[in-house]
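Structure first, commentary second.
This structure is a prediction, so every number in the text was calculated from the model and none was measured.
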Amino acid sequence: MHYNFTIEKIENFNLTHTFECGQCFRWKPNLDGSYTGIVGEGIYNIRMLEDSDLIIESSIPDSKEFFEKYIDNLTDYSTIKQLLLKSDKSMEKAVEYGYGMRILKQEPWETLASFIISANNNIPRIMKTVENIARAYGKQIEFKGKAYNLFPKPEELADARDEDLKCCGLGFRGKYIKRAAQMISSGEIDLEKIGNMDSTSARSELTKIQGVGPKVADCVLLYSYAKADVFPIDVWIKRIVETIYFGKEKKLHEMQEFARNKYGELAGFAQQYLFYYARENKIGC
DNA sequence: CCACAGGACGGCT
DNA sequence: AGCCGTCCTGTG
């Protein structure tokens, strides 16, 4: 059984640039240009028609409102782009390259776990590991004749056996995932409260979790809580910021400071355009 | 076979 | 406070 809905005449939205810009790990392209993804409690298939209508099939009913929030359809991207385009020539290129990119509003626990896994790791392997965990621990859903697995809740992972986690390909991150799941299911860390904090307090709360440093914390703030004043710096961002702005002489925290001053409340959007542009064009390698 | 890619931690200065 | 070796696994 599946349920259909449409979002008509959508603007500033591109499936590839949104789902393949490195912010999420559970969307896959199909041969016909549509994408299938696992989001929250549901499975979604999404395609865009020539006239910019979005056609969505979902495993759960009445999910249009939820899905519009998830794809950040209430944010005005033309204003964001307009402001960033004025910044400088490189940012202009990055914004134009990543047209239609949206910053998704993802579920905090799944985002936290996924970005703990991202440490010292690359995107294809992160996707594979997340899927392994879902298959081993998450609820299975049938959708259009195929089986999918939701990402498990913290409680479903809190007493996982170490050997089982090892089979998911987590490596040294296994213990971080397990401890994080325990901290959250016990209430020691409250992800809902963190969402109501300002970025600085939320970051220091998140970095209490082992395996969560500044980069992972900022990814959670940006991709789950829509806190766009953060600027997560990974190797790609480091390389492109060095290439564009100042060579090798800046430290990470100086780059952070620079970006927050330059882009302010739009730092997170700036980061996402730069990241996607740098990675797709292998800038700085 | 080895080199390399990719963030956080922890031990060292 | 800052630097750097180590953690794991897939790819070239």
Note to self: Base, sugar-phosphate or nothing for A:K251? Non-hydrogen atoms, less than 4.0 Å.
What the structure shows: sugar-phosphate
Check: Base, sugar-phosphate alone, or nothing: which one does A:R239 contact when heavy atoms must sit under 4.0 Å apart?
Finding: sugar-phosphate
Note to self: What I'd like to find out is whether the side chain of A:P108 reaches to under 4.5 Å of the side chain of A:I194, using heavy atoms alone.
What the structure shows: no
Notebook entry, point to check: Below 4.5 Å, heavy atoms only, C-beta onward: do A:K166 and A:R161 meet side chain to side chain?
Noted result: no
Rounded off to whole Å, could you give me the [atom1]-to-[atom2] distance for the [X] and [N] pair?
X	N	atom1	atom2	value
A:L252	B:dG6	CG	C1'	14 Å
A:H253	C:dC3	NE2	C1'	14 Å
A:K282	B:dG6	NZ	C1'	13 Å
A:I117	B:dA5	CD1	C1'	18 Å
A:F172	C:dC8	CZ	P	8 Å
A:L170	C:dG10	CG	P	12 Å
A:N122	C:dG12	CG	C1'	13 Å
A:N121	C:dC8	CG	P	13 Å

Between [X] and [Y], is any side-chain donor less than 3.5 angstrom from a side-chain acceptor?
X	Y	answer
A:N73	A:R102	yes
A:Y35	A:E20	yes
A:T6	A:N4	no
A:Y225	A:S199	no

Please tell me if [X] has a side-chain N or O lying less than 4.0 Å from either OP1 or OP2 of [N].
X	N	result
A:K175	C:dC7	no
A:R279	B:dA5	no
A:W236	B:dG6	yes

Check: For A:K9, does the NZ atom sit with more than 12 other heavy atoms under 6.0 Å from it, leaving out its own atoms?
Finding: yes
Note to self: Using a 4.0 Å heavy-atom cut-off to protein, can you give one letter per nucleotide of nucleotides 8-13 of chain B, 5' to 3': B if the base is in contact, S if only the sugar-phosphate is, - if neither?
What the structure shows: SS----
